Amino acid sequence: MPNDRKNNSYPRELRERAIRMVYETIEETGQRHGAIARVARELGIGRESVSHWINQKEIDEGTRVGVTTDDRQRIAELERENRELRRANEILKAAAGFFARELDPRLPK
């Protein structure tokens, strides 16, 4: 899910309950309109949070276009690995330059 820090401010059980309640409300009333706001109000959660959870669930299920939670996590892992590799590369470049200056008598020290 996008912005995991914000999403993790609510317990997973509460998120799952809110999602379940939204779908139950839609089933009971036959209307999607207002179900999210109603559940959010009942649980004391921001409507935007509940809406995001519903959207992400639909993406994960393949009923809505978007980046799945698993893909988002994998992308974050790859970005983290990429940053680490770039940092290691910079360190190696600096070390190579240092040793080149030390070993080449023509270059100033």
Side-chain angles (χ1 to χ4, degrees):
M1 292 182 168
N3 201 351
D4 284 335
R5 280 176 270 150
K6 186 184 347 178
N7 291 328
N8 287 333
S9 64
Y10 293 103
R12 190 181 93 245
E13 296 80 16
L14 181 61
R15 292 193 307 263
E16 291 170 356
R17 179 176 177 213
I19 291 168
R20 189 174 50 253
M21 288 176 67
V22 167
Y23 284 116
E24 289 170 357
T25 302
I26 292 170
E27 190 175 308
E28 288 171 7
T29 64
Q31 294 183 348
R32 185 176 175 99
H33 182 72
I36 290 173
R38 181 175 166 183
V39 169
R41 192 172 42 253
E42 286 179 25
L43 295 176
I45 301 171
R47 186 192 61 75
E48 295 81 12
S49 294
V50 177
S51 178
H52 172 75
W53 300 336
I54 295 294
N55 291 342
Q56 192 62 49
K57 180 169 177 53
E58 291 173 354
I59 289 169
D60 290 345
E61 292 175 340
T63 58
R64 180 183 287 254
V65 177
V67 180
T68 65
T69 301
D70 291 340
D71 287 346
R72 190 174 308 283
Q73 289 172 344
R74 181 67 180 139
I75 290 168
E77 289 171 12
L78 291 171
E79 287 174 343
R80 191 171 25 260
E81 182 180 346
N82 195 6
R83 280 191 304 273
E84 291 171 9
L85 290 171
R86 286 181 190 271
R87 184 172 163 263
N89 197 23
E90 290 300 317
I91 291 170
L92 290 172
K93 282 181 186 178
F98 172 79
F99 286 116
R101 284 188 302 277
E102 287 295 315
L103 297 174
D104 190 346
R106 297 173 294 166
L107 295 176
K109 292 185 181 182

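What you see below is based on every heavy atom in this structure, not just the backbone, and it leaves out hydrogens, waters and symmetry mates. Not measured: the values here are computed from a predicted model.
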Roughly how far apart are [X] [atom1] and [Y] [atom2], rounded to 0.5 Å?
{"X": "Gln31", "Y": "Thr25", "atom1": "CD", "atom2": "OG1", "result": "11.5 Å"}
{"X": "Arg74", "Y": "Thr68", "atom1": "CZ", "atom2": "OG1", "result": "12.5 Å"}
{"X": "Arg17", "Y": "Ile45", "atom1": "CZ", "atom2": "CD1", "result": "8.5 Å"}
{"X": "Phe98", "Y": "Leu103", "atom1": "CZ", "atom2": "CG", "result": "9.0 Å"}
{"X": "Glu13", "Y": "Arg15", "atom1": "CD", "atom2": "CZ", "result": "8.5 Å"}
{"X": "Gln56", "Y": "Arg64", "atom1": "CD", "atom2": "CZ", "result": "10.0 Å"}

For the pair Asp70 and Gln73, evaluate side chain to side chain contact (heavy atoms under 4.5 Å, CB included) and give the outcome as yes or no after the intermediate values. CA-CA 5 Å; Asp70 291 340; Gln73 289 172 344; 4.0 Å; yes
Do NZ/NE/NH1/NH2 and the carboxylate oxygens of Arg38 and Glu42 come within less than 4.0 Å?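 A salt bridge links Arg38 with Glu42.
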Before accepting this row, confirm whether a basic side-chain N of the pair Glu77/Arg80 lies closer than 4.0 Å to the acidic partner's carboxylate O.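 No salt bridge links Glu77 with Arg80.
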Residue pair Leu43, Tyr10: steps toward the side chain to side chain contact (heavy atoms under 4.5 Å, CB included) verdict: CA-CA 11 Å; Leu43 295 176; Tyr10 293 103; over 6 Å; no
Glu61: partners by side chain to side chain donor-acceptor pair (under 3.5 Å), with sequence neighbours left out: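 Per chain and number, Glu61 pairs via side chain to side chain donor-acceptor pair (under 3.5 Å) with Lys57.
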Grouping I, L, V, M, F, W and Y whenever their side-chain heavy atoms are under 4.5 Å apart, do Val67 and Trp53 come out in a common cluster?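 No; tracing contacts between hydrophobic side chains, which count when under 4.5 Å, never links both residues.
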Linking I/L/V/M/F/W/Y whenever any side-chain heavy atoms sit under 4.5 Å apart, do Ile75 and Ile59 land together?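 Different clusters: Ile75 never reaches Ile59 through Ile, Leu, Val, Met, Phe, Trp or Tyr contacts under 4.5 Å.
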For Ala40 versus Arg47, what's the shortest heavy-atom pair and its separation?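 In terms of heavy atoms, the two residues are closest at CB-CA, 3.7 Å.
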Taking C-beta and beyond as the side chain, do Ile26 and Val22 meet within less than 4.5 Å on heavy atoms?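 Yes - at least one pair of side-chain heavy atoms lies under 4.5 Å apart.
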Val50 and Met21: side chain to side chain contact (heavy atoms under 4.5 Å, CB included), yes or no, with the steps? CA-CA 10 Å; Val50 177; Met21 288 176 67; over 6 Å; no
Would you say the side-chain atoms of Glu16 pair up with the backbone N or O of Pro11, donor to acceptor, closer than 3.5 Å?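 Pair absent, no side-chain N/O of Glu16 close to backbone of Pro11.
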